[in-house]
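See below for the structure under consideration.
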Amino acid sequence: MPDHSTAYIGTAFVTGVCLALAYQELSRPRHEDNEPELTSPKNGTRAGPPSIVEGIEGCIGNTPLFRIKSLSDETGCEILGKAEFLNGAGQSSKDRVALSMIEIAEEQGLLTPHSGDTIYEGTSGSTGISLATLARAKGYLAHICLPSDQAIEKSDLLLKLGAIVDRVPPAPIVEKDNFVNRARALAKTHTASSGTPSASSASAEGQSDPPAGHEPMTRGRGFFADQFENEANWRAHYEGTGPELYAQCGGRLDAFVAGAGTGGTISGVARFLKPLLPSLNVVLADPQGSGLFNRVVYGVMFDVKEREGTRRRPQVDTIVEGIGINRVTANFEAGKEMIDDAVRVTDAQALAMARWLVEKDGIFIGSSSAVNCVAAVKTARRLGPGHRIVTVLSDSGSRHLSKFWAKAGDVGGAVDTKLEDVMNAQDEDFH
C-alpha cells in the first residue's frame, strides 16, 4: 500500500493557511463601498499607496507625519513633524493656501482659467512659488511682489516658473510701496485697464519680450490673492491640515506648535482640533522682532526692538523668513482666541536647531521650521515627558541657502552637539 502521509501533510498545511487568511479577511472592519480606509473629514486621508490624481494640484496634502527621533529622545516626549515640504506643487505648506485661494476665487467668478487672468500677490517667497506653480497648472499668469531682502533663490525660482517678479525695497505695511500694497495696486490697475498689460510688466525684473510663437495669453483681469486677509488661507488648514493631523495621531495629541506670518496655519488647525480636543495646548512659535509673542502673552502688540518713536521701522529684525509680523491679520484673528501660549525664539537658536537636525536626523529645513522645532522643544520641557507634540516643517532649506543657511554654515563631519548648546545658542556663535 503506497505511503500518502507526505501528501496528506501538505494538503493539511495549505488548507490551514487558507482558513487563516479567510478568518483574517472576515475579521477585518468593513467599510461602505468606495469608502477609503482610515478616512478623515474633508481630505480622505487613507492608508496604502496613493491613487492616481488629476494634475500637480492633486499632489497637495496628505503629507507624512513623522517622529523627529533626536528631539523625541532628548525630551522624553514624542515630537512629530508634519512634512509640509513634501507637498507636490511648490514644496511647502503654502501649496494648500494657494490652491484654496484659487479655487474659491474660481467659484466666486473672480478667476477664469485660460482667459488671461493674472494672479497678483505680495509674499516673502513660498506663497508666491506655490501660486506661480498652480497658476501655470490651472491656466493663469502670476505677478509676484516680494521684499528685496529675501533669499535670491526664491525670486530666481519664480522667474523659472514663468512669473513676473518685482523685488521691492522693504517698507512698512502703512506705506504704499510695501510689497503687499504694491501687489494690490497692480491687480487693481490691471483690471481697470480692460485687458491692456500693466505698465509694470515691461519693467519687471528679469522679463523680456517673448520669442516668436510664445506670445502670452490675452490679458484678462488682475486678481489680488491677499493671503494675509483672505479667509481661504485658514480654511485650507481647517479642511486639510487639521483633519490630517487628527487622523494621523488617532485623535491623541497634547500640543500643536506653529509660527505665524499670515496666521492661516495656526488658526485653521486650532479651529479644527480644539473642539475635538479641548485640552490641546496650541502654542505660537515667534521669532525675535515679531510682535505676535507679546500679542498672545500680554495682549499688546509691542516688541522691545520697536521702542517709542521707531514704530515705522521697515522690517522685522530677524533672519527668519516666512513667519513673524507686527500686525494682526484677519487670518491670525480667526484663531487668536484658541492660542494658549507663545514661545519666543532667537535667530541664534533657530540657526543652531537647523544645524542640529541635519547633524542628528538628516533633516534639512528652512528658517521657520527651525523656529517651530525650538518652540516644540521648549513646549515639551514645559509639559514634561510622555506628551505628544506636533509641529510643522514648512519648507526645505534649499530655498534658504543664500541667507539663513549661509549664516548657519556647513555642519561638518564628526560633530557632537548637545541639545543644550542649541537652546543656549548666542549670536556670537554664528559670527
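- With 3.5 Å as the limit, one finds no donor-acceptor pair spanning the side chains of Arg235 and Ser100.
- Side-chain atoms of Asp421 and Thr417 include no donor-acceptor pair closer than 3.5 Å.
- No donor-acceptor pair closer than 3.5 Å links the side chain of Glu337 to the backbone N or O of Gly335.
- Open room surrounds CD on Glu54; 12 or fewer heavy atoms of other groups in view lie less than 6.0 Å from it.
- Distance alone, capped at 3.5 Å, is enough to place a donor-acceptor pair between the Ser267 side chain and the Phe332 backbone.
- Applying the salt bridge (charged side-chain N to carboxylate O under 4.0 Å, His left out) test to pairs two or more places apart or on separate chains, those with a residue in residues 396-413 are Glu321-Lys403.
- Looking only at distances, a side-chain donor or acceptor of Ser369 sits under 3.5 Å from a matching main-chain atom of Ser394.
- With 3.5 Å as the limit, one finds no donor-acceptor pair spanning the side chains of Asn331 and Thr329.
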(message) Please determine whether salt bridge (Lys or Arg N to Asp or Glu O under 4.0 Å) holds for the pair Glu420 and Arg381, giving the CA-CA distance in whole Å, both sets of side-chain angles, and the decisive distance to 0.1 Å.
(response) CA-CA 12 Å; Glu420 288 308 314; Arg381 288 179 168 180; 2.4 Å; yes

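- Taking CG of Leu245 as the reference point, atom CG of Leu280 lies at 10.0 Å (rounded to 0.5 Å).
- Asp286 places no side-chain N or O within 3.5 Å of a backbone atom of Arg344 that could act as its donor or acceptor partner.
- Taking the side chain to side chain donor-acceptor pair (under 3.5 Å) definition, one finds that Asp73 meets it with Arg67, sequence neighbours left out.
- Donor-acceptor pairing under 3.5 Å is lacking for the side chains of Thr318 and Gln288.
- Using a 4.0 Å cut-off between charged nitrogen and carboxylate oxygen, Lys69 and Asp361 do not count as a salt-bridge pair.
- Under a 3.5 Å cut-off, the side chain of Asn178 and the backbone N or O of Glu175 do not form any donor-acceptor pair.
- The backbone N or O of Ile79 sits less than 3.5 Å from a side-chain atom of Ser72, completing a donor-acceptor pair.
- One finds the CG atom of Leu383 at 10.0 Å from the OG1 atom of Thr75 (value rounded to the nearest 0.5 Å).
- For Lys418 and Asp416, the salt-bridge test passes: some basic side-chain N is under 4.0 Å from an acidic carboxylate O.
- Arg388 places a side-chain N or O within 3.5 Å of a backbone atom of Cys249 that can act as its donor or acceptor partner.
- Looking only at atom types and distance, the side chain of Arg167 has a donor-acceptor partner in the side chain of Ser155 under 3.5 Å away.
- Counting only N and O atoms by type, the side chains of Asn87 and Glu84 include a donor and acceptor under 3.5 Å apart.
- Ionic pairing of Arg182 and Asp166 is present here: one or more N-O contacts between side-chain nitrogen and carboxylate oxygen are shorter than 4.0 angstrom.
- Formation of a donor-acceptor pair under 3.5 Å by the His237 side chain with backbone atoms of Arg271 is not found in this model.
- Looking only at side-chain heavy atoms (C-beta outward), Ser70 and Trp356 come within less than 4.5 Å of each other.
- A salt bridge does not link Lys94 with Glu121: every distance from a Lys NZ or Arg NE/NH1/NH2 to an Asp or Glu carboxylate oxygen is 4.0 Å or more.
- A salt bridge links Lys138 to Glu106: at least one charged side-chain nitrogen sits closer than 4.0 Å to a carboxylate oxygen.
- Side chain of Lys176 to backbone of Ala185: no donor-acceptor contact under 3.5 angstrom is found.
- In the model, Thr118 has no side-chain atom that pairs as donor or acceptor with a side-chain atom of His143 under 3.5 Å.
- Two residues are said to be in side-chain contact when any heavy atoms from C-beta on lie closer than 4.5 Å; Ile129 and Leu161 meet this criterion.
- Side chains of Gln227 and Thr262: a donor-acceptor N/O pair is absent below 3.5 angstrom, by distance only.
- A salt bridge links Lys274 to Asp340: at least one charged side-chain nitrogen sits closer than 4.0 Å to a carboxylate oxygen.
- At a cut-off of 3.5 Å, with distance as the only test, no side-chain donor of Arg96 or Asn233 sits close to an acceptor on the other residue.
- Nearest heavy-atom pair across Ile104 and Ala232 is CD1-CB, 3.5 Å.
- Between the side chains of Ser130 and Asp95, at least one donor-acceptor pair of N or O atoms lies under 3.5 Å.
- Salt bridge present: Lys82 and Glu244 bring a charged side-chain N and a carboxylate O closer than 4.0 Å.
- Judged purely by atom type and a 3.5 angstrom limit, Ser115 uses its side chain to pair as donor or acceptor with the backbone of Thr112.
- Listed by chain and number, the residues in a ring pair (Phe, Tyr, Trp, His ring centres under 6.0 Å) with Phe364 are Trp405 (sequence neighbours excluded).
- Seen from the ring of Phe430, Arg355 does not count as a face-on cation partner, given the 6.0 Å and 45° thresholds.
- Judged purely by distance below 3.5 Å, without hydrogens or angles, the side chains of Asp395 and His400 pair a donor atom with an acceptor atom.
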